[in-house]
Amino acid sequence: MLVNSKEVLIKAEKNRYAVGQYNINNMEWTKAVLEVAQANKSPVIIGVSEGAAKYMGGYKAVAMMVEGMDQSLKITVPVILHLDHGTSFASCKDAIDAGFTSVMIDGSHESIKNNVKVTRKVVEYAAKFDVSVEAEVGTVGGTEDGITGGVNYASLDECLAISKTGIDSLAASLGSVHGHYEGEPNLGFAEMEQYSKATKLPLVLHGGSGIPDEMIAKAISAGEAKINVNTEIQENFAKGIRQYIEEKKDLTGTGYDPRKIIGTYAYVNMKKVVQTKIDLFGTAKKA
Ligand code: 13P
């Protein structure tokens with residue numbers, strides 16, 4: 001069942017758990033995420049970056065694949081198809097027109113004035129289709145899809161300004177990074193609590209890979225209701241492929257079958273990561 005993120009995240013924030021956004025790269029990713037979510041009766045957010053959408057053939061191809069799989073696998077839990085880090089109004093519009101139920105407009109690299117302006121434009125367009133909108137203030141550090149930047153903590157003023165655009169969730173960057181952390185993450189828990197109360201919006205934690213479990217629990221109790229996970233799934237997929245090749249399974253019988261190459265370890269590993277996160281974020285039986 002494809003839905004927007006509005007009610008799902010309000011419910012999560014109120015009951016102090018977080019819904020995972022799992023970024024996908026292909027059919028196997030999508031299936032793995034949907035199957036684990038369904039088995040756990042957990043709501044789930046399928047994250048698609050602009051680069052990943054392009055890789056998979058464009059927004060329409062992705063939307064049809066996710067919708068088709070949702071139907072043929074008889075998924076009954078809420079599934080949110082979300083554009084991750086939309087860089088422009090045009091990109092968000094394309095995703096919405098293709099059938100995405102949620103978009104992120106990331107104007108965080110602009111001045112707050114321009115960020116508010118583009119976010120408002122996306123909110124107005126999204127409202128016509130009942131699509132939810134996430135915005136970002138401050139900047140998430142690290143590298144994602146070739147875009148690299150340093151950490152820049154969001155301020156209360158920026159959060160208040162962007163919250164007035166009518167967004168449904170807010171990625172207020174407070175020390176998290178995409179990809180690997182150098183040392184311990186330095187997350188602003190006090191600010192999370194403050195911004196969550198001041199904006200009354202569910203907060204979004206980007207860079208969910210590699211954050212120690214106790215920090216995730218603290219972040220959720222401080223107002224983070226959506227947590228994005230990408231790198232850990234990618235790494236465990238790669239590990240599974242490596243194991244298969246190192247064991248020379250591709251050279252035995254019909255081991256060259258791509259369903260075996262991906263299905264034997266990589267697919268299982270991806271599912272394990274999603275299961276671990278659902279357990280950690282407390283999303284099981286919340287559908
Ligand atoms: P990680 O790659 O660090 O898990 O971050 C994912 C993310 O925030 C996607 O927007």
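Both ligands and their constituent atoms are indexed starting at 1 by order of listing.
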Under 6.0 Å between ring centres, would you say that holds for [X] and [Y]?
X	Y	value
W29	F237	yes
H85	H109	no
Y17	F281	no

Number the atoms of ligand 1 from 1 as they appear, then name those within less than 4.0 Å of a heavy atom of [X], with their elements.
X	value
H85	10 (O)
H206	8 (O), 10 (O)
V177	3 (O)
G179	1 (P), 2 (O), 3 (O)
V229	4 (O)

Counting only heavy atoms closer than 4.0 Å, does ligand 1 sit against the backbone of [X], its side chain, both, or neither?
X	answer
Q234	neither
V140	neither
D84	side chain

Problem set entry | side chain to side chain donor-acceptor pair (under 3.5 Å) pairs, two or more places apart, involving residues 179-190 |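 Output for this query lists H180-E235.
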For this session: Compare every heavy atom of R120 with every heavy atom of K164, then report the nearest pair and how far apart it is.
Result: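 Minimum heavy-atom contact is O-NH2, 3.8 Å.
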Exercise. Between R16 and G223, what is the shortest heavy-atom contact and its length?
Worked result: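 In this case the closest contact between R16 and G223 is NH1-CA, 3.9 Å.
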Problem set entry | M64, CE atom: more than 12 neighbouring heavy atoms under 6.0 Å |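 No.
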Exercise. Can you tell me if G207 has a non-hydrogen atom under 4.0 Å from ligand 1?
Worked result: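 Contact check G207 vs ligand 1: positive.
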Exercise. Is H178 in contact with ligand 1, taking contact as a heavy-atom separation below 4.0 Å?
Worked result: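 Distance cut 4.0 Å: H178 passes for ligand 1.
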Exercise. Can you check whether N230 has an N/O within less than 3.5 Å of an N/O in ligand 1?
Worked result: yes
Exercise. Does E232, backbone or side chain, put an N or O under 3.5 Å from an N or O of ligand 1?
Worked result: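 Between E232 and ligand 1, no N or O pair is found under 3.5 Å apart.
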Exercise. Between the side chains of Q38 and T76, does any donor sit under 3.5 Å from an acceptor?
Worked result: yes
Exercise. Of the options K226, Q21, E134, which is the one that meets H206 in a side chain to side chain donor-acceptor pair (under 3.5 Å)?
Worked result: E134
Problem set entry | Closest to atom 1 (P) of ligand 1 among N23, L205, T231 (heavy-atom distance) |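 Selected option, by shortest heavy-atom distance: T231.
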